[in-house]
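Note sheet for the following structure.
The figures here come from the full heavy-atom set of this structure, side chains too, leaving out hydrogens, waters and symmetry mates. In this text the structure is predicted, and so the values were computed from the model without any measurement. Here is how names work: the chains are called A, B, and so on, in the same order as the sequence lines, proteins then strands, and each is numbered from 1.
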2 protein chains.
Amino acid sequence: MSAVTSPLVWEHVQPAAARRLLTGAIDAFAERGFQATTTRDIASRAGMSPAALYVHYPSKERLLFEISLYGHRAALDVLRAAGTDGSPEERLRGMVAAFTAWHAEHHTIARVVQYELAALTPEHLAEVAVIRRAISAEVEQVLADGVADASFAVDDPPGTTLAVLSLAIDVARWYTPHRGDPVALGALYADLAHRMVQT
Amino acid sequence: MSAVTSPLVWEHVQPAAARRLLTGAIDAFAERGFQATTTRDIASRAGMSPAALYVHYPSKERLLFEISLYGHRAALDVLRAAGTDGSPEERLRGMVAAFTAWHAEHHTIARVVQYELAALTPEHLAEVAVIRRAISAEVEQVLADGVADASFAVDDPPGTTLAVLSLAIDVARWYTPHRGDPVALGALYADLAHRMVQT
DNA sequence: GTCTATACGTAGATAGAC
DNA sequence: GTCTATCTACGTATAGAC
């Protein structure tokens, strides 16, 4: 199974009750947003009483932080795995295809990752911001490599980096399964991104 | 003053107290989100007590709806004004430049327009959805015109329409004034969008 | 049209039994 | 580790005086 279609795996979250709370919180936060989600809603999705949540997590925000941190790490891993080998064109195409498909395939957690940052504490936000900068750095580097070997023509590297990432990130906003196959979308976006930078 | 830099004007909202509530709500909803914003916060931004809000608006949701409706109409107007004349390339560039610059210049209301749809009642959502479809139709048409006269090469017109709009819409998520001039950003994005479709 | 006071519901989180 | 019961705070919205 390729990185593009790898599922998110939650076996490392133990015990099972903590895992049910986490996955229930992802669904609830993605559907309704962090602020509109109640601890009662999360607990009932996990089949338990509101009080039981606090045995596993000290607060609703902590649940969000664990989701956000894990989601950011997963997105960075997918991007790096897809952009390691080949020419700048191959790496850019691989990165955009994989990062886009990840946002479609995992649009629930991607929505939490991309749209609930403001609900994190400043300390927790700083921690995920490190990962966000690493994501940007990967794209910026492949564009620089393509400019260096003259396979890309890029007028504004920081602006183009932001645009390429932005295109993939916004998938989390609008994607639903009826809008098509994540891998096909990734292929389209890889092509559009390459067109943005080709000589 | 061009459509790209035209300010949003609120003189039509009367009396002044209703206007202060509306603009205060835009700032609050953009900063914190609809759910996290309290009627007390909106009222205090307008310099009045929580109860006074209900003289002007029957609910917090109604305030959101009026903001969302007006914002959607403004965005559609800007898109249409910029995409009326010229070749498909000129129209596409004009539309992307103007729509992008609008999302940067008016990123507060744009954030409400793009990210608070889920907080509208089903009836109010249906009303703004009409405007959203009109926005998509404008872009889809210019791509079709460019394909028809062979100035564009587009493999997947609906997917590319979505991508072009998505790029501009996502500006509302990340833009802050320190990230540069809205008009310069519009020019960059117009170029990137044209590269996506050129033969 | 704005105020103070308040009704009413529900939120996050805790106490203590089992 | 889960439950029931509950605390305390705060949310939207209303009542009624001025």
Side-chain angles (χ1 to χ4, degrees), chain A residues 10-68 112 116-125, chain B residues 10-68 112 116-125:
Chain A
W10 297 107
E11 271 85 27
H12 62 104
V13 181
Q14 290 293 345
R19 189 164 61 244
R20 292 201 311 276
L21 287 164
L22 202 82
T23 56
I26 292 168
D27 292 344
F29 293 160
E31 273 172 37
R32 313 155 63 80
F34 176 81
Q35 298 284 354
T37 298
T38 68
T39 52
R40 286 166 172 79
D41 181 17
I42 296 166
S44 88
R45 284 174 195 253
M48 59 185 88
S49 74
L53 185 152
Y54 293 91
V55 173
H56 302 285
Y57 301 94
S59 69
K60 189 173 78 156
E61 190 275 342
R62 180 71 197 215
L63 210 32
L64 174 65
F65 172 58
E66 301 219 351
I67 293 164
S68 189
V112 182
E116 302 298 340
L117 295 171
L120 294 167
T121 64
E123 294 74 21
H124 289 162
L125 178 59
Chain B
W10 298 106
E11 271 85 28
H12 62 104
V13 181
Q14 291 292 347
R19 188 163 62 244
R20 290 202 312 275
L21 286 164
L22 201 82
T23 56
I26 291 168
D27 292 344
F29 293 160
E31 274 173 37
R32 314 157 61 82
F34 176 81
Q35 298 283 355
T37 298
T38 68
T39 52
R40 290 170 208 278
D41 181 16
I42 296 166
S44 88
R45 284 174 195 253
M48 60 185 86
S49 75
L53 185 151
Y54 294 89
V55 173
H56 301 285
Y57 299 94
S59 69
K60 188 173 78 157
E61 189 275 340
R62 180 71 197 217
L63 211 32
L64 174 64
F65 172 58
E66 302 217 353
I67 293 164
S68 189
V112 181
E116 300 299 339
L117 294 170
L120 293 168
T121 64
E123 294 74 19
H124 289 163
L125 178 59

Strand-adjacent residues in residues 22-39 of chain A, judged by heavy atoms under 4.0 Å from DNA chain C: T37(A), T38(A), T39(A)
Sorted by number, the residues of residues 10-20 of chain B with heavy-atom contact under 4.0 Å to DNA chain C: P15(B), A17(B)
Reported CG-to-CG distance for the pair L125(A) and L117(A), which is rounded to 0.5 angstrom: 6.0 Å
Contacts of T121(A) that satisfy side chain to side chain donor-acceptor pair (under 3.5 Å) - sequence neighbours left out: H124(A)
End-to-end axis angle, where each axis spans five pairs of the helix from dG1(C)-dC18(D) to dC18(C)-dG1(D), to 10°: 0°
Pairs involving residues 32-59 of chain A, ordered by first then second residue, that meet ring-ring contact (aromatic ring centres under 6.0 Å, His included) (sequence neighbours left out): F29(A)-F34(A)
Strand contacts (DNA chain C) in residues 40-65 of chain A, 4.0 angstrom heavy-atom criterion: R40(A), A51(A), Y54(A), S59(A), K60(A)
Minimal non-hydrogen separation, T39(A) against L53(A), with atom names: O-CD1, 3.9 Å
Nearest atoms (heavy-atom pairs only) where A43(B) meets S49(B): CB-O, 3.5 Å
Going by atom type alone, with no hydrogens or angles, which donor-acceptor pairs under 3.5 Å involve a side-chain atom of residues 14-25 of chain A and a protein atom two or more places apart or on another chain?
unit_1	atom_1	unit_2	atom_2	d
Q14(A)	NE2	E11(A)	O	3.1
R19(A)	NH1	V13(A)	O	2.8
R20(A)	NE	A46(A)	O	2.9
R20(A)	NH2	A46(A)	O	3.1
T23(A)	OG1	R19(A)	O	3.1
T23(A)	OG1	R20(A)	O	3.3

Partner residues of S68(A) under the side chain to side chain donor-acceptor pair (under 3.5 Å) criterion, sequence neighbours left out: H72(A)
Residues forming a salt bridge (charged side-chain N to carboxylate O under 4.0 Å, His left out) with R40(B), sequence neighbours excluded: none
Under the salt bridge (charged side-chain N to carboxylate O under 4.0 Å, His left out) test, residues paired with E116(B) that sit two or more places apart: none
Covered region of DNA chain C, 5' end to 3' end, by chain B [heavy atoms, under 4.0 Å]: dG1(C) to dT4(C)
Qualifying side-chain hydrogen bond (donor to acceptor under 3.5 Å, both in side chains) pairs, either residue in residues 25-35 of chain A, two or more places apart: E31(A)-R45(A)
Heavy-atom pair with the smallest gap, counting every atom of A28(B) and D41(B): CB-OD2, 3.9 Å
